[in-house]
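Because the structure is predicted, anything quoted here is derived from the model rather than measured. Naming: A, B, ... by sequence-line order, numbering from 1 per chain. Keep in mind that the numbers below use all heavy atoms, side chains included, and drop hydrogens, waters and symmetry copies.
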Amino acid sequence: MKIDSLPIPISLRTKYSALGITELYPPQAKCVEAGLFNRKNQLVAIPTASGKTLVAEMAMQKEISDGGKCLYIVPLKALAAEKYEDFSGKEVKVGIATGDPDQRDEYLGRYDIIVATSEKTDSLLRNRAEWLKRVSLLVVDEIHLIGDPSRGATLEMVIAKLRYQNPNLQIIGLSATMGNPEELANWLNAALVTSEWRPVDLREGVYYNGAIHFHGSERILQTPKKDDDLNLLLDTAEEGGQCLVFVSSRRSAEAYAKRAAVVLKKKSEALDLYAEKIAKADTTPSGKVLANSVKNGAAFHHAGLPRAAREAVEEGFRKGEIQVIASTPTLAAGLNLPARRVIIRDYQRYEAGVGMNPIPVMEYRQMAGRAGRPRLDPYGEAVLIAKDRDAVDVLFEKFIDAPAENIASQCQKENELRNHLLALITTGFAKNRAELDGFMEKSFYASQKAVHRRLDRNIGKALSYLIESGMITEETGGELLGTSFGVLASRLYLDPETASLIRDILGKQETFSAFGMLHLLCMTPNMFRFYLKASDERLVDEVFSERGDELWCEELSEEFFAAVKTALVAEAWCEEVPEDVICENFGVGAGDIHAVVENLRWLMHASARIAHEFAPRFDTDVRDLEIRIENGVKEELLPLITLRGIGRIRARRLFDRGITTPEDLLSAEPKDVVGILGTVLTKSVLEQAAKKTGRTLDAVPLLIEEEAVPVKASETKPQKTLFDFGE
DNA sequence: GTTTTATTTGTGTAGACAGCATGTC
DNA sequence: CTACACAAATAAAAC
């Protein structure tokens, strides 16, 4: 099917022809035949890299030219950024909506396409963003994630709510291959488009004893070494191809990169540059290992890396400099980073309390699908490594030839229901039990199951929890109403349990304790917690016995101790302990610290709002701690940090020279201040300080001469969040 | 006697969404 | 309750 024959705007046709795209891929043509341009709902379940984005883009452009508005939902912030880039052009206005401060929510209504994460969309619904009602085409990327245990329920509810608001909504679901696409298509009232077609040939095989076994053929390797995983790398490297190696733990990823560096010994100036960047971004031992490996063309990738280091690795690989990345599943679902050969070394993964478990077939497909770069590689290879002869057949059967799993709705779970029923009630989707039942009747869960006894029971349980915790009330006529607390919790996007814990525990305290507050937040279901190692136990026990009186929560569970460790990391950050020292002491990665801080920043903000209404005596205490988390500063820097232009570093420098407050700034020798802050900043800071203290500036003014040329706005690179520096 | 290599033992285990209002090195 | 990779400690073998 020719592009020219399609009812899409001319600008899009020009864009495609500039990219050399003149004809649709077969699965894309199928979508058109199935009514893509006739506002028909579609579930497109086709392999990775077979052109799903193009399908969505064409439909959206057509919809926009007909006066419509499009919402594109993605699972990851990084994907949101990627799609934003993809869709941006002269003709359409594209906006991005994630938890990051990209654009103000009310402006989003002006865009033709809004790219958003599922949680952000849910949050926008809860805050009644008016423009959402005008969305006429909804694209859901990776819609199979509806079955994800931790995030699937939200995605399902978001889709359900958008459909409810706009019965005329066209929905396009983009999905990986799954076991039961018919069920999902049925729920969406959508035409199902499936295909096995790929633009680059994908060969899937199993390596054993010096040869890769494919269906009907094999490839013998020249193997001088006994390490299978390295042989597979060298084999591809000799032909000039790149490898992605999937392993099951961070430690394994690092170890592989180290070994690969030894055998690759690739040298280039570009590699040295990337290594330098990484060494600067991550000063921990693990960062040094990465920098050294990258110097030789090998890298690893996992969530413990700071973002700047991760991005350097991705760029180095994309530019063809880095020969191999050993990765945990971070790379499987995330960015588009294909390689000639994908080596799936670890197909088992540890699960707490269960031991090693085989990864789902769907996840194997995600990884294997990364093999083969369109237009660059003649083919792609996905190779599993067998440990003995018997394993060869087993691996074919369990992964390569296995059908993908069915996906199942997650929205019947009690904790999910608490959260989402509260939202339904506080945002007016349902006013009583009957309406709630009616809404849930239309869920994917209800469409999958004939009997809804479990759903029914859990709705009841969730409602009584919400009533007991004072989030909703049931009037005599059966009307369900959100209380002010319930509305607040829902809008802050907190799990009801998190909100209740904060209100109850904080409200019970007589005196404030920063450590107690941090630990409380670390106990909530909305907080990520570190895994507790055996070597941490001593430290955590010690803190428990010596600082027990600072802690507000007392249940002696495993979670409790994990929360102690996590709170200790957060506290260290607030005490200005250097990052590499924190990493060293607690055995965590630099990226993990940022994850904790980011998470706590949100929860501290929410706590401040809750404290304001339900424990006003702690109002300033909580807000001060919020500022400390945000900036990573000790209490003593609080007066300085409030000044614009002063962050943790400058505040510390001023403090150490005896300038501890805005008043001090005004009475200090101006020369000293200029020495620390520079002329331009000093002027602005002094003005601020004068305003704050109510003093006039004329005592200090003209000693500061305007000699520094202000940097042009276009030359400063805006950064999205406070944690991005170091790039 | 010293260095290299094999064997045993103990340890730890993936990822990442959300609020709000302008800024850090 | 289930496994496995890795690193450190230890033993064995080669030089």
Report yes if a side-chain nitrogen or oxygen of [X] is closer than 4.0 Å to either non-bridging phosphate oxygen (OP1 or OP2) of [N]; otherwise report no.
X: A/Arg151; N: B/dC17; value: no
X: A/Ser535; N: B/dG12; value: yes
X: A/Arg650; N: B/dC25; value: yes
X: A/Thr330; N: B/dA16; value: no
X: A/Thr154; N: B/dA18; value: no

With sugar-phosphate meaning primed atoms plus P, OP1 and OP2, does [X] contact a base, only sugar-phosphate, or nothing at under 4.0 Å between heavy atoms?
X: A/Leu76; result: sugar-phosphate
X: A/Glu254; result: nothing
X: A/Ile646; result: sugar-phosphate

### Query
Do A/Phe300 and A/Tyr256 have ring centres separated by under 6.0 Å?
no
### Query
In whole angstrom, what separates A/Leu145's CG from B/dC17's P?
12 Å
### Query
Between B/dC20 atom P and A/Leu494 atom CG, what is the distance in whole Å?
10 Å
### Message
Nearest to the side chain of A/His302, heavy atoms from C-beta on, is which of B/dG15, C/dT2, B/dT13?
### Response
B/dG15
### Query
Counting side-chain heavy atoms from CB outward, which of B/dG15, B/dG12, B/dA18 is closest to A/Ser123?
B/dA18
#### Entry: Stem segments of DNA chain C by first residue number [Watson-Crick or G-U, under 3.5 Å, at least 3]
B:1-13 with C:3-15
### Verdict with reasoning, A/Val140 to A/Leu155, per side chain to side chain contact (heavy atoms under 4.5 Å, CB included)
CA-CA 9 Å; A/Val140 184; A/Leu155 183 56; 3.8 Å; yes
Does the side chain of [X] come under 3.5 Å of the side chain of [Y] through a donor N or O and an acceptor N or O?
X: A/Asn127; Y: A/Arg491; value: yes
X: A/Thr330; Y: A/His302; value: no
X: A/His144; Y: A/Glu405; value: no
X: A/His301; Y: A/Glu314; value: yes

### Query
How does each nucleotide of nucleotides 3-9 of chain C score, in 5' to 3' order, for protein heavy atoms under 4.0 Å: base (B), sugar-phosphate only (S), or none (-)?
BSBB---
### Query
Starting at the 5' end of DNA chain B and moving along, which residue's nearest nucleotide shows up first, A/Gly645 or A/Tyr493?
A/Tyr493
### Task
Would you kindly compare A/Leu532 and A/Leu643 by the position of their nearest DNA chain B nucleotide and give the one closer to the 5′ end?
A/Leu532
### Task
Using the P atom as the reference point in each nucleotide, state the distance between C/dC6 and B/dA14 in Å, no decimals.
13 Å
### Task
Write down the atom of A/Lys413, the atom of A/Pro149, and the distance for their closest heavy-atom approach.
NZ-O, 2.9 Å
